[in-house]
Amino acid sequence: MMLEKTFQPEKVEAQHYEQWEQSGVFGAHPESNKAPFTIMMPPPNVTGSLHLGHALNTTLQDIMVRYHRMTGRDTLWQPGTDHAGIATQMVVERNLGAEGINRRDMGREKFIEKVWEWKAYSGGTITSQLRRLGASPDWPRERFTMDEGLNKAVRRVFVQLHKQGLIYRDKRLVNWDPKLHTAISDLEVVQKETKGHMWYIKYPIEGSTERFITIATTRPETMLGDTAIVVNPEDERYADLVGKFAILPIVGRPIKIIADDYVDKEFGTGAMKVTPAHDFNDFEVGKRHNLEVINILDINARINENGPEEYQGMDRYEARKKILSELEAQDLLEKVDSITNSVPYGDRSDVVIEPFLMDQWYVDAKTMAKPAIEAVRTGKTEFVPKSWENTYYHWMENIQPWCISRQLWWGHQIPAWYGPEGTIFVEETEEEALAAARKQFGEDVRLERDEDVLDTWFSSALWPFSTLGWPEKTPELAKYYPGDVLTTSFDIIFFWVARMMMMGIHFMGDVPFKKVYIHALIRDAKGQKMSKSKGNVIDPLDLVEKYGADALRFTLTAMAAQGRDIKLSDDRVEGYRNFATKIWNSARYCQMNQCIPDVNFDPQSVTATPNKWVVDQVTELSTAISKGIESYKFNDAATAIYQFIWGTFCDWYLEFTKPIIQSEGHPLAEETRKTTAWVLDQALLLLNPFMPFITEELYNEMAERPLNKMLISSEWPDYPATLKAPAAVEEMNWMIRLITEIRSVRADMNVPAAAKINLLVKGANAATQERLKTYEEIICRMARLETIGLTADAPKGAIQSVVDEATIILPIADIIDLDKERARLRKEIEKLNAELTKIHTKMADEKFVKNAPEEIIEEQRSRQANFESTLNKLSQALKQLEAA
RNA sequence: GCGCGAUUAGCUCAGCGGUAGAGCAACUCGUUUACACCGAGUGGGUCGGGGGUUCAAUCCCCUCAUCGCGCACCA
């Protein structure tokens, strides 16, 4: 069956994928004695769908996995999904809300059932989308962060860290999300620059009707919870007020004026109100001075019973308005400035976060970060590109206690039970908690489990070992931990990478991965971050449908240069779709010319120079690709194979060999056909990790393969050094130079493409003469010539040019435009002179001759000689024309 | 305020001590039976500015500018 004219990805992608998956090639083999290669897939949100970041990340991982699998490593690419606590709960709540149902009315158990239903419904979406991209992880090992085994790991980790004092319960200010009704971690808070106001408020001094102390605030509503005013101890303006009391307006409470270094004399009025329950800094000041902590908000950020009666139940912003108008009425509002300040928002809820005093569970991140920092310092784990290590250090060295409890229902429930007299029992199971309680109280007591669940990232932090069966001692754990590389995006270094490092080192005694490859961020063609609100999101599946998965993969790979964002546009994908078509057509050509792969073919046996050359180029290519993949320079690998297939193979090799293959009974025909087929086969093999579908399809189409072997399970080639053919490379490079020069001159001089003209060569050395004879047919064909001859003198009115030592002459006096040819020659001569001037200056510089390495000087000498020789020949040609 | 990155052909980007590259776009030519999703060719750059190191700087160092991104501060 002859191949179609173009590759139609939609016709074969699904079929090949199914075949791969069914065959089990994706699977790891813990029992084998091959060295492992392990990648833990960052688990996408189970109910999410694929975006371009996933597509890029998946493609790069798949390239590494396919490559290492081919090189004979026992490869484990561990897939799975994340339960994404807040995000998923929000979606389900929204869905229920549309039906008019509130989760609280429904009850916890019922609600969680609903979430599992939602997971069952939408949970396959993203994994099937990963399949569309051609990803080849070990699907039967797929895990979910909420599955049984992972839950066990979570409980074990929580209990052990608690017993070691690394998890504890504490009453501190947390970041409270008044919409989602949960605490969130520092990382889930985003600071947004917001236009706001600075209000200057006068607080009357107790016992005086004249004196006031003016404070500045951006959040006047919090004054209801003020318990002090603080000034700098050095500030003379207020020195006499320290120790006195001010009367809190509206509330009427006397609050003490205290002194603390924290206050900046220059800022605002130099006097600051202190609200320990509603500001992180105020909380610290309050602790130092034993101030009363008055919480004035409820979980909805409405004024609670601690506020004045007429404010109770009022939303924080309404309260602000009312307070301001009251202050104004009392003439206590001194002035208002418009300012821009940053305001904390919840990254999921997009509402303003309130600092809120609560009991929560914390991980002692500071302690756990120490060995994790050390591991990167000593190079046990390395970031690629290395510059991300600074980001990692900076965060890890300033790490805060990690608040891990969330007031949600969807997630791992905290394994802590509360008993009488404020006792807490942290155990892996209820039975153990009951037993511990019985031991303490000497009788059975009633326990109540902590209602809260853990931060999603707590379970993802265990991913590199929990997926391998921990806490059981499994063969997988022994073999595949630590992983080789973790591939992810920079925005997740803190959320995930850092936490995996801490947990992995603590529980496994070793880092979770040896390398962290941080890939680029994908933006739209204008360089803007893609976001739903901007409407500039490109759906990777649309691109797959339009251009094929291979084209999308190759585009992302070719653009994945280290340390730079990717600006993606359809044009780029289209270009690489064209590349796929090019490969397809080269295969079609092979097929039409009976270039059929022969399993017995030995590239070592080729005799013809073009064949030796192309074999040499294949070995170069394989080295370049391996190097690219192994050093995470995926774009270099992609460029190398693109240039080989389109340039070396299609533009030159196939053209060089057409005269051999297409003439009857040529003695080299057989060898050349087999070489051609072999080269295509190698190209398919080397391209397979990047473009798995088209290569598999062509591999399948080009020949019957023994045992129906698939390309995906072929071995990565290891070519012997004996395939190198430097002489052949030199010879073919000369051919390329010669043909290119003739074509260029022809086009410059407007010689019609159809005009078959003669070529005369002057001053050719013996080797060149030999080559001209050997490749006469090829040269004639590719440069559109009639004959090639040698000459001692150029005829009048000919075009002349130079290739190496030889002058090439196109005697076409009848069609040549002499003025144009003169102009062309002058231009060439000018260029050469410019180069020669540069070299002369250099060579005349004593310091250069004295200091530069010999080889550099030698190089300049040889360039000079070449330029001079060419210059002479062209000058002679010009002279001849001018004489004419 | 601190830090990181970017600034190279019209566009998107490689390169990173010693001849400045690619893809796309532009222009010219071409229905030479693998491919017009193609072929052949051409033009286009004092490598952001200024200083320094070096025999030699697009590349290393300093500085400035512009853009982007983190982090911190914000009473």
Side-chain angles (χ1 to χ4, degrees), chain A residues 3 5-7 191 196 198-200 215-219 222 229-230 262-264 267-275 279 281-282 285 339-343 385 387-388 390-391 394-395 398 490-491 493-494 521 523 525 527-529 547 551 558-559 561 563-569 571-572 574-593 633 635-636 639 642-643 650-651 654-655 658 662 739-740 743-748 750-754 756 781-784 835 838-839 842 845-853 855-857 859-860 863 867:
Chain A
L3 291 171
K5 252 189 137 174
T6 56
F7 173 51
Q191 302 289 336
M198 182 74 82
W199 286 279
Y200 291 78
I215 56 89
T217 180
T218 53
R219 304 199 53 199
T222 61
I229 285 178
V230 60
Y262 172 74
V263 179
D264 176 358
F267 196 94
T269 62
M272 183 184 111
K273 71 192 212 48
V274 188
T275 322
D279 182 281
N281 292 315
D282 291 11
V285 173
I339 55 155
T340 304
N341 62 335
S342 58
V343 177
S387 54
W388 289 109
N390 289 330
T391 309
H394 184 255
W395 189 70
N398 296 288
F490 74 89
D491 50 4
I493 293 177
F494 306 146
L521 186 75
R523 299 167 176 280
Q528 298 201 305
K529 215 167 162 172
Y547 302 110
M559 297 178 84
R564 203 196 260 256
D565 292 346
I566 296 177
K567 287 184 203 162
L568 191 71
S569 68
D571 287 357
R572 301 302 298 258
E574 188 181 331
Y576 291 113
R577 186 274 318 269
N578 295 351
F579 174 53
T581 309
K582 187 74 183 175
I583 302 159
W584 185 263
N585 277 295
S586 70
R588 199 156 162 267
Y589 165 86
C590 288
Q591 208 181 38
M592 294 169 102
N593 289 283
K633 293 186 172 167
N635 56 316
D636 286 352
T639 306
Y642 184 94
Q643 276 173 351
C650 293
D651 289 346
L654 293 184
E655 298 301 331
K658 271 179 186 169
Q662 295 177 348
I739 292 165
T740 305
R743 284 169 169 176
S744 168
V745 173
R746 284 181 64 130
D748 267 357
N750 297 332
V751 178
K756 292 249 183 168
R781 183 180 170 128
M782 293 181 74
R784 320 266 323 133
E835 280 303 313
K838 275 201 251 171
I839 299 175
K842 222 176 220 186
D845 185 351
E846 263 175 55
K847 285 185 278 184
F848 172 73
V849 182
K850 211 172 86 193
N851 293 307
E855 67 216 62
I856 295 292
I857 296 170
E859 203 181 333
Q860 295 301 322
R863 287 184 68 215
F867 287 145

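Every chain is numbered from 1 and lettered A, B, ... according to where its sequence line falls, protein lines coming before strand lines.
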Inset, instruction - Considering just the side-chain nitrogens and oxygens of A/Asn585, establish if one lies under 4.0 Å of OP1 or OP2 belonging to B/A34. - result: no
Legend entry - Expected output: side-chain A/Asn593 to main-chain A/Tyr589 donor-acceptor under 3.5 Å: yes
Inset, instruction - Check whether any side-chain N or O of A/Lys633 sits under 4.0 Å from OP1 or OP2 of B/A14, and answer yes or no. - result: no
Inset, instruction - Decide yes or no for A/Met198 and A/Thr218: does some side-chain heavy atom of the first lie under 4.5 Å from some side-chain heavy atom of the second? - result: yes
Set out, line by line, the N/O atom pairs under 3.5 Å between protein and nucleotides 40-47 of chain B.
residue: B/U42; atom: OP1; partner: A/Ser744; partner atom: OG; Å: 3.2

Inset, instruction - Return the minimal non-hydrogen interatomic distance between A/Val849 and A/Ile857, and the atom names on each side. - result: O-CD1, 3.4 Å
Legend entry - Any A/Lys5 side-chain nitrogen or oxygen under 4.0 Å from OP1 or OP2 of B/A36: yes
Inset, instruction - Starting at the 5' end of RNA chain B, write a dot or bracket for each base, bracketing those in Watson-Crick or G-U wobble pairs whose two distances are under 3.5 Å and using | for partners on another strand. - result: (((((((..((((....[..)))).(((((.......))))).....(((((..]....))))))))))))....
Inset, instruction - Side-chain contact test, heavy atoms from C-beta onward, threshold under 4.5 Å: evaluate it for A/Phe848 versus A/Ile856 and give yes or no. - result: yes
Legend entry - Check: A/Glu835 side chain, A/Phe867 main-chain N or O, donor-acceptor pair, under 3.5 Å: no
Inset, instruction - Calculate the interatomic distance between A/Gln643 atom CD and B/C24 atom P; express it in whole Å. - result: 12 Å
Inset, instruction - Using the six-membered ring wherever Trp is involved, compare the ring planes of A/Phe490 and A/Trp388 and label them parallel, tilted or perpendicular (cut-offs 30° and 60°). - result: parallel
Inset, instruction - Would you classify A/Asp264 as touching base, sugar-phosphate or nothing, given that sugar-phosphate means primed atoms plus P, OP1 and OP2, and contacts are heavy atoms under 4.0 Å? - result: base
Legend entry - Whole-Å distance separating the CZ atom of A/Phe579 from the P atom of B/C38: 12 Å
Legend entry - Rounded interatomic separation in angstrom, taking CG from A/Asn341 and C1' from B/C73: 11 Å
Inset, instruction - Give A/Thr639 one of three labels, base, sugar-phosphate or nothing, depending on what nucleic acid heavy atoms sit under 4.0 Å from its own. - result: nothing
Legend entry - Nearest-angstrom distance, C1' atom, B/A36 to B/C60: 48 Å
Inset, instruction - State, yes or no, whether a side-chain contact exists between A/Arg746 and A/Arg743 at a heavy-atom distance under 4.5 Å. - result: no
Inset, instruction - Could you work out the separation of B/C59 and B/G68 based on their P atoms and round it to a whole Å? - result: 25 Å
Inset, instruction - Find the distance A/Phe494:CZ to B/C4:C1' and express it as a whole number of Å. - result: 11 Å
Legend entry - Nearest to side-chain heavy atoms of A/Gln860, which nucleotide of B/A14, B/U19, B/G23: B/U19
Inset, instruction - Grab the CD-C1' distance between A/Gln662 and B/A34 for me, whole Å please. - result: 10 Å
Legend entry - Distance between C1' atoms of B/G5 and B/C73 (Å, rounded): 23 Å
Inset, instruction - Go through the N and O atoms of the side chain of A/Arg588 and the base of B/C35, and report whether any donor-acceptor pair is under 3.5 Å. - result: no
Inset, instruction - With heavy atoms under 4.0 Å as the rule, sort A/Arg572 into base, sugar-phosphate or nothing. - result: base
Inset, instruction - Indicate, with a heavy-atom threshold strictly under 4.0 Å, whether A/Cys650 touches base, sugar-phosphate, or nothing. - result: base
Legend entry - Touch class at under 4.0 angstrom, heavy-atom based, for A/Pro853 against every strand present: base
Inset, instruction - Look at all strands and tell whether A/Ile856 reaches a base, only sugar-phosphate, or nothing, counting heavy atoms closer than 4.0 Å. - result: base
Legend entry - Separation of B/U33 P from A/Leu3 CG (nearest whole Å): 20 Å
Legend entry - Gap in Å between the two P atoms, one belonging to B/C11 and one to B/C71, rounded: 31 Å
Legend entry - Euclidean distance for C1', B/C67 against B/U54 (whole angstrom): 31 Å
Inset, instruction - May I ask you to verify whether the side chain of A/Lys582 and the base of B/C35 hold a donor-acceptor pair under 3.5 Å? - result: yes
Inset, instruction - Would you mind classifying the nucleic acid contact of A/Thr391 as base, sugar-phosphate or nothing, using non-hydrogen atoms under 4.0 angstrom? - result: nothing
Legend entry - Pairwise side-chain contact, A/Thr222 with A/Lys273, heavy-atom cut-off 4.5 Å (strictly under): yes
Legend entry - Closest listed nucleotide, where the reference is the side chain of A/Ala852 and the choices are B/A34, B/C69, B/C55: B/C55
Legend entry - Nucleotide nearest A/Asp571 (side chain, heavy atoms from C-beta), chosen from B/C35, B/C24, B/U19: B/C24
Inset, instruction - Between B/U33 and B/G39, how far apart are the P atoms? Round to whole Å, please. - result: 15 Å
Inset, instruction - Would you name the heavy atoms of A/Ala271 and A/Ile229 that are closest together and state the gap between them? - result: CB-CG2, 4.4 Å
Inset, instruction - With heavy atoms under 4.0 Å as the rule, sort A/Glu655 into base, sugar-phosphate or nothing. - result: base
Inset, instruction - Indicate yes or no: at least one non-hydrogen side-chain atom of A/Arg588 is less than 4.5 angstrom from one of A/Asn585. - result: yes
Legend entry - A/Asn578 side chain near B/C38 phosphate (N/O to OP1/OP2, under 4.0 Å): yes
Legend entry - OP1 or OP2 of B/A34 under 4.0 Å from side-chain N/O of A/Lys658: yes
Legend entry - Side chain to side chain, A/Ile493 and A/Trp395, heavy atoms closer than 4.5 Å: no
Legend entry - A/Tyr547/A/Tyr576 aromatic ring centres below 6.0 Å: no
Inset, instruction - Could you check which of B/U19, B/C37, B/A34 has an atom nearest any side-chain atom of A/Arg577? - result: B/C37
Inset, instruction - Determine the contact category for A/Arg784: base if any of its heavy atoms lies under 4.0 Å from a base atom, sugar-phosphate if only primed atoms, P, OP1 or OP2 are that close, otherwise nothing. - result: base
Legend entry - Position toward the 5' end of RNA chain B (nearest nucleotide), A/Ala753 or A/Arg219: A/Ala753
Inset, instruction - Measure from CD on A/Glu574 to P on B/G23 and round the result to the nearest Å. - result: 16 Å
Legend entry - Of A/Tyr589 and A/Ala558, the one whose closest RNA chain B nucleotide lies more 5': A/Ala558
Legend entry - Sugar-phosphate, base or nothing in reach of A/Val230, heavy atoms under 4.0 Å: nothing
Legend entry - d(NE2, A/His394; C1', B/G1) in whole Å: 12 Å
Inset, instruction - Check whether any side-chain heavy atom of A/Arg781 sits under 4.5 Å from a side-chain heavy atom of A/Gln662, and report yes or no. - result: yes
Inset, instruction - Determine the interatomic distance between P on B/A57 and the same-named atom on B/A20; round to the nearest Å. - result: 13 Å
Inset, instruction - Taking atom P in both B/G48 and B/C37, compute the distance separating them and give it to the nearest angstrom. - result: 37 Å
